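Reading through the structure tokens given below for one structure.
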Amino acid sequence: MTIPVLSIVLFLPLAGALLVSLVPKDYVKLMRLVALASSIVAFGASLWMLFLFNSADGGFQLVEKVEWISRYRASYHLGVDGISLWLVLLTTFLVPLCIAASWRVDKKVKALNVILLLMETSILGVFLSLDLLLFYIFWEGMLIPMYFLIGVWGYERRVYAALKFFLYTLFGSLLMLVGVAALYFLGGRTFDLAELSRSGLGPSAQLWLFGAFFASFAIKVPIFPFHTWLPDAHTEAPTAGSVLLAGVLLKMGGYGFLRLSIPLFPDATVKFAPWLAILGVIGIVYGGIVSIVQSDVKRLVAYSSVSHLGFVVLGIAALNTAATTGSVLQMVSHGLSTGLLFLLIGMLYQRAHTRKIADLSGVGGVMPVFGGMFLIAVLSSLGLPGLNGFVGEFLILNGTFPVMRALTIIATLGVVLAAIYLLWMYERVFTGPVKIPHAERKSVWRDVSPGELAVIVPVIAMMLWIGLYPKPFLDRIEPSVERVLSNLNRPVASR
Amino acid sequence: MIEGWVFMFSALIALVSALAMVVSKHAVHAALYLVATQIALAVLFLLQGAFFIAALQVIVYAGAIMVLFVFVIMLLGVDQKEALLEPLEFQRPLAIGLGLVLIAEALYLGTYDLARGLAARADVRPLAGEGNVESIARILFTRWAFPFEVTSVLLVVAVVGVMVLARRRA
Amino acid sequence: MMALQELRIPGVSFIAVAPEVILSAGGLVLLVTGSFLKGRATVLFMSLLTLTGAAVAAVLSAGRDFTAFSGAVVLDDFAVFVKLILLAVAAISILVSGQLLDDERAPAPEFLGLVMFATAGMMLMASASDLMLLFLALETFSLALYVLVAFRRGRADSQEGALKYFLMGSFSSAFFLYGIALVYGATGTTRLEGIRAYAREIPVLGQGLLAAGLALLLVGLAFKVAAVPFHMWTPDAYQGAPSPVAGFMAAGSKAAGFAALIRVLFSVFPSLVWDWRPVIVILSVISMVVGSVVAIVQTNVKRMLAYSAIAHSGFLLVGVASANSRGVSGALFYLGAYAVTVLGAFAVVYGVGRPGEPFVHIQNYRGLGKTRPFLAWTLVLFLASLAGIPPTAGFFAKFEVLSAAVSAGLTGLAVVAVVASAAAVFFYFRIIWLMFFEEPEGWAEGAEQPATALPLGLAVILTAVAVAFLGIVPGIVLDLASSSLPGLP
Amino acid sequence: MLLLIPAIPLAGAVFLLIFRAKVGRFAGAIASSAIGGSFFVSLIAWSELLNRPAESRAVGGRVFEWIAAGSFHADFTLRVDPLTAVMLLVVTGVGTLIHIYSIGYMASDERRGTFFGYLNLFAASMLVLVLAGNFLVLFLGWELVGLCSFLLISFWSHRPSAAAAGKKAFIVNRIGDFGFLIALFLIQKTFGTLDMVEVFARAGESPLTGSLATAIPLLLLLGCAGKSAQIPLYIWLPDAMEGPTPVSALIHAATMVTAGVYLVARAHVLFEQSLIAGGVVVGIGIATALLAAAIAISQDDIKRVLAYSTVSQLGYMFVAVGTGALSRSALPYVAGIFHLVTHAFFKALLFLGAGSVMHAVGDETDMKKMGGLRKALPVTSLTFIIGWLAISGVPPLSGFFSKESILAAAWEHGLPWIWVLGVIVAGMTAFYMSRQVFLTFFGESRVAADVHPHESPPVMTRVLQSLALLAAVGGLLNLTLHHGTLSKWLEPVFTSGVHIEATEAATPLGLPEVVVSAFIALVSLAAIALAYRLYLAPGAEKARTRLKGSLGYFVRLSQKKFFVDELYNSLFVWPGKVVARIAAFGIDAKIIDGAVNGAAKAVGAAALRMRMTQSGLVRRYAMAMLTGAALIVALFVVRVR
Amino acid sequence: MIPDTWYLVLSALLFTIGAVGVLIRRNVIVMFMCIELMLNAVNLSFVTFDRMLGGVDGQISVFFVLVVAAAEVVVGLAIIVGIFRRRASADADQMSMLKW
């Protein structure tokens, strides 16, 4: 009997959540410590998983399979490949940071930490499941914790945002549910992804099912015009929520395309790919344009996610190894850079109690280190070479270019737009004469504390690593992407 | 021949008193019209050889049940005139229209296949030479023994229910 | 001059109706001894004991398939499955009712007797193999429910709800009965077996009487399961009834009604599937839409749950409309899942609102997460299950009926179901939002909140565990449901 | 070893940025020694090249595998060839001097540590840029220098104008990078690699045809125009003067802005694929040179004059390398690079001199408030004058030689009109530089009363002196275009293209080279004389007024910089903002979200309406039931057959 | 001999009158009586079918219907009495406290 590493990774946060819930009411600090410790242990476990991972193998590894619902032929089936590997690591990496970033939250501490850990398990479940039903359950199971996270610990318009997020995503995933059911019958009454992908659906069935799954993924990514939940949700969510949303949740859509749409509906994917690419490009440009005039820092970063995730979609739609590998890396990169941006905005909000660009000016003068860190996050986000964002974006655009030239050129405009909206925001908030709320309270405006630094520095280190030496990442992603794409009989690439 | 006249007469009474019940302003009148309908129906039962049921109809229905109705009406003194005005918009025309639709459906079905007559294929027939009451009794206590027992539960429920509803507040 | 020996009652088999008999007998004993028994706990215990006995009898009677009492009663696993659901429903309702009886200072034996008789009637719905017996069973539990709805005698809402329920119930009974008469006229029998044999000979709806009869039977059963447009009593009755009774009605009445519906449609008129399916589809669609949409604007929690019950009837009808074994087993699973969920929800509603339930406005749920965390968190679970969000029982229930519809080619219906359930989420989650996202204020805080008593708490925990269990490892119950189909062609 | 060249300043940058608060006044020393070390290593690399035969003067290779996925592969490759070596020496050499100068210039700034950290980071980035053996690595450096430029321009970020200028620089550069990126995609697609050696080899073997041949160089050119401040993207450079003056000297005069020239030269094989490309380079170069010179003539800000001058001189360099591309011959490139080098010397000198002036007059930049500073600032004024003469093309200072070689190259390769325009630009350059010198150092003092000009500390003046020396004798590097040292050194780099023999006379009118040179020098001297007449000579005021009378329109246009910023604002910025507003508050909030919320509202409205059917009236309920019953019966009845 | 159909049509007519009566009468007791009329109409059908088919199940059904009707009446009137005690009105239209 081998050690079920993936189950350990998957359920450690859940166990942590149980532990936290057992902590007596008054030991608030202990709750935080237990939560942090269990998430760090989970990160450790995922590093162990990384250690056991064989980078040469593009297939699923560390597979676990236990029968679950025999009537459906659904099983508890976990496995990891190069695509999910990094997303799992991203998740386990970000959650401790989220918990640490919520250290100062005093509202319902226990519930907060329990919910964060529950979210972690369900997100990991999505990335690790090799069974469609299991996948779906984790996929949707994540909704409620997120709903709470936004709704309880969010900002002013949190209720609206939480509900909007919830209904939007639920609507998508319910359509997917119909698709899941149909797939089950058409695919030979099984939920096993491998078996389903071998079932060879007819072209029209593929189109319909692709549509059903597309609805869900498109909302989650989000793809224009299904994105309007995102700015509200991101803006109103608490820091940890925004980080998880931007860092991980949005990746589930792209992951869904890679894990489900391409292997299960190859013909439909090939057929839809140009449209997908168009939508991706619209998202890139549109998200960028809309970001420019946002008056709220968080909202701006939220819209920037629309733009950045557009690259992911474009890369997937290119259906060639380089671009799609870039997409996977871009997902990880975006998780880091936007995650960091949200962490920093959270710290800024703690001090300023505002996120309005107009209320702030010259913050960099008061808090130079903070300003520097923010600038790094901004630069990473706008795809400066040497930082993480560039690698993915370049691979995507470069890989897409031979396939869809005009679209790529338009998409490249997104790079310019990113510079415009991010730097303009940076200029207004961090430079200029110092104008900050509560300026009289010097203690509030202390530069980053060691604790905050402990949250920021690991992310920046990861950014530099990916930016300067992405080889370890790419080497593991590529075989899996190749395997996924090998399923397609590729008329696209030769077009 | 006489049968035909009896039918016509009883049917007419039944219909007219049914209509009268629906349109009478006083609840007591309505109850009396209902009794008349029920008695007319009892005659029709007799006409079809259902003696036991005809008797039950008169004794239980027209007798016991309707008495209960009248009793309650009197007890509560609710026998005020009901205003002729219909407060609900369209309620009456819609109701009558729906009634017509239902009748039309019934007539459609009637002309469609009742005219062809039914295949005589009842599950259970009375033994030859057996009287109506005997055959009903025999079949009721064999074939219908269990449903008959169930009615006891039903009645217990009714009794307990009334007890609950009528109990004094503790 | 009939000799007694001539009067041989054929086909007596008490095993076929053992649970019903045990319950009725238990109910009678309770009524008789009730006034002597000291303490409510004893009475509660006795009734639970009786239910346990009935459940044991039901379990022991599983695995058979025969008719008894000259074909008036059928015993198959379908019936056993529904009976077990109903017994569970009764048991949980009784646990919750203990609190109600305390609060109302009402006599326990009568109330519990009615619950047990009603349960017996409901169980008989699943087991009846004769339309007339079905009618009697229906009336038995209906009468009991009319009384239970009116249980809080002095209160206008209770009375009004009961009166409306009663009037509409009798009205629908008349239709149902007319349907029986027409079917009898067409087929010459009220026994389901006989009707089925007849219907099989006419593969198409060749006879007006049978057509109209089936239509009116559907009307009567649609009323019982609260399908639109026969649903209008539901909100009023649920609002008027004490929450434990409303829960009992929602879970039990629905299970019994659907058991009868499935029995009639599947084992009697399978050959007419193309004729009844459109009707079921239409009922299903409008029930889902109306239930989900109108629930959005409700401000009374019980009323909202009533509309949700209407919507859930629509979902269940999706399973019925699928007209395949998957749909039936899905509907069975759905009934079980819905039963535990809605019972739990109403138990919480009662726990929040008691005594006398003045606090049933959704604004009373403001900040409940802070003031009554236990009830609030369990309510989240129940609402999630009602919304069909994994990993709760409601998810698999929904998935079952959806996949049945898809497998039957009713993808459009499945999509409607999905859209409706997305809309439905809005109102479930509005309650969650009030409980957790808002600060307690107004009445909810001002009023001294009574502690949750043990039986109520037990009921909530049991249902919550069941909801979670069915949501994580539904396999066992799914397997049971799929092996508990009524005699299918 | 090559990695050391950027690594030393990078290490310096990291160290300085982390310990910026602790290093205190040692910051400058640390930074200077870092880049000095880099200079030292560069010298070693250079000597290594020297030791090789001319044909194989290239060292370097893969450092590590950078990005590889699917068919795409890019190594982190560093390479040194003669061209790179020149750039290395310029960057590290001039860089070191400017670093040292900064020690004095920034002595009183609290954030010295950060400043020197940025400077070192810039040096590292610039060195990566010039060392890059792979287009992607070059792009890395390309972007990083842009970043450092942004950081340093907005170094005094509490000044809104500084912050805005930094942002503008970065964004305009990004627009250029847009072209650069697409060029990279095209190169990758066409050649299957981004490794320069391979790309150039393949392009040399099988020349490109059709639009591709034009598209790649033109897109690269867009990048170059961004970085090197050419039309249409030059607008950021004048604003960039918001940065500390050493930054302007280092980044916006000597090194970074020449990256575009470097790239054209480096990728000359690609530019030679299409005559259109070469033509466009030349056209943009000369147009920029003219436009910037025309603006520089009327500017009053001491640094802005230099900034426009830089733009103009960069245009000159583009003319040179464009000519090379057009004619596919080596010497024009050499001329361009030569001018690049001399320009680095004298423009750095001029900027640093301007910095010294500002230092002296309390950060005043308006030349109208200077004048007569010669006495107070002897060293500064002397070195500035050397720089002035150098840039004005007065022999035998370096600028004369480099300009002359560009013009000669243009003429030789059949571009007489370019030659003419070039001469005009040379004259204009001489004129506005003279104007600057006269206004600043000569005449009467117009300095504010409370300001007491004083000479800068030795650490600054020494640097000025060193640069003045370089500016003076820089011409020695390449005394003649055909036989100069630099030509010899660089020629192998540019010989891969197909050569076209010069078809026309090698000099204008067939005159001897010396005569032509003398003519150019005379033009410059004449311009200086004109400036003297208008700004220094007695009666200058009157002469100016008279001139304004006849040329007023032009002067005003020039003063307003030909309204290019305003044009861009109304053409791109303003409509862009409008579009963004429409997208954000119209499409997003109203249409899409409106549809979503509208759907929700519609459901709500429907719910309210449906709810009303539940009237509470039991007879209505019965009505609904009866209707339902009638309908269901009807549904069955219609099916009766 | 009267055709069977006439009985059935009569039954249908009575049933419909009863149903329409429920809709148009406001006094709850009269409404309830209309429901009783509907049950009576069904009884007529049962008896008629019995005669047509030559069976007795229909009559037995009528017997059960009588029992049910009796039970319903008892419970129903108890409810009505309870409600009347409180409001002194049996007008169905006034009972609309629970709505929407």
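Residue numbers start from 1 in every chain, and the chains themselves are labelled A, B, ... in the order their sequence lines are given, proteins ahead of strands. What you see is a predicted model; the values in this text were computed from it and never measured.
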Check whether any side-chain heavy atom of B:L47 sits under 4.5 Å from a side-chain heavy atom of E:Y7, and report yes or no.
yes
Between E:S11 and chain B, with a heavy-atom cut-off of 4.5 Å, which part of the residue counts as in contact: side chain, backbone, both or neither?
neither
Sort and list the pairs that fulfil salt bridge (charged side-chain N to carboxylate O under 4.0 Å, His left out) and have at least one residue in residues 61-76 of chain B, not counting sequence neighbours.
none
Chain B: which of E:V62, E:D93, E:D91 shares the most heavy-atom pairs with it under 4.5 Å?
E:D93
Against chain E, label B:L155 side chain, backbone, both or neither, depending on which of its atoms sit under 4.5 Å from a heavy atom there.
side chain
Where do B:M66 and E:E36 land on the side chain to side chain contact (heavy atoms under 4.5 Å, CB included) test, with the steps shown first?
CA-CA 10 Å; B:M66 289 320 294; E:E36 294 301 321; 5.6 Å; no
Rounded to the nearest 0.5 Å, what's the gap from CG on B:L94 to CG on E:L23? Could you check?
9.0 Å
Considering residues, nucleotides and ligands other than E:R85, do more than 12 of their heavy atoms fall under 6.0 Å from its CZ?
no
What distance do B:L76 atom CG and E:I80 atom CD1 have between them, rounded to the nearest 0.5 Å?
8.5 Å
Tell me the closest heavy-atom pair linking B:G99 and E:T16, and the distance in Å.
O-CG2, 3.2 Å
Test item: B:M8 and E:W6 side chains (from C-beta on) under 4.5 Å apart, heavy atoms
yes
Region of B:L34 that comes under 4.5 Å of a non-hydrogen atom in chain E:
side chain
Can you tell me which of B:V162, B:I103, B:L102, B:V22 forms the most heavy-atom pairs within a distance under 4.5 Å of chain E?
B:V22
Classify the ring geometry between B:F69 and E:F32 as parallel (under 30°), tilted (30 to 60°) or perpendicular (over 60°).
tilted
Would you name the heavy atoms of E:A78 and B:L165 that are closest together and state the gap between them?
CB-CD1, 3.7 Å
State whether the side chain of E:Q59 and the backbone N or O of B:A50 hold a donor-acceptor pair below 3.5 Å, judged by distance alone.
no
Qualifying salt bridge (charged side-chain N to carboxylate O under 4.0 Å, His left out) pairs with a residue from residues 53-82 of chain E, counting only residues at least two apart or across chains
B:R143-E:D57
Which heavy atom in B:S135 sits nearest to a heavy atom in E:V56, and how many Å separate them?
OG-CG1, 3.9 Å
Closest non-hydrogen atom pair between B:A158 and E:V75, with its separation
CA-CG2, 3.8 Å
Any chance you could measure E:F63, atom CZ, to B:L140, atom CG, to the nearest 0.5 Å?
5.5 Å
Per-residue contact mode, B:V23 against chain E (heavy atom under 4.5 angstrom)
backbone
Rounded distance [0.5 Å steps], CG in B:N132 versus CG in E:D50:
9.0 Å
Which distance, rounded to the nearest 0.5 Å, do you find between the CD1 of E:I60 and the CZ of B:F52?
9.0 Å
Residues of residues 36-43 of chain B under 4.5 Å from chain E (heavy atom pairs)?
B:T37, B:Q38, B:L41
Heavy-atom distances under 4.5 Å only: say whether E:N43 touches chain B with side chain, backbone, both or neither.
both
State, with a plain yes or no, whether a side-chain heavy atom of B:F45 is found less than 4.5 Å away from one of E:L44.
yes
Can you tell if the side chain of E:F84 reaches within under 4.5 Å of the side chain of B:L75, non-hydrogen atoms only?
no
Under a 4.5 Å heavy-atom cut-off, does chain B meet the side chain of E:V68, its backbone, both or neither?
both
Sequence neighbours excluded, the answer for salt bridge (charged side-chain N to carboxylate O under 4.0 Å, His left out) partners of E:R86 is none
Closest approach of E:V20 and B:A95, non-hydrogen atoms and distance?
CG2-O, 3.6 Å
Applying a strict 4.5 Å limit to non-hydrogen atoms, the region of B:A64 in contact with chain E is neither
Value for CG (B:L19) from CG (E:L14), rounded to nearest 0.5 Å, stands at 8.5 Å
B:V159 and E:V74: side chain to side chain contact (heavy atoms under 4.5 Å, CB included), yes or no, with the steps?
CA-CA 8 Å; B:V159 170; E:V74 169; over 6 Å; no
Closest contact, heavy atoms only, B:A11 versus E:L10:
CB-CD2, 3.7 Å
Donor-acceptor check, side chain of E:R25 to backbone of B:M21, threshold 3.5 angstrom: yes or no?
yes
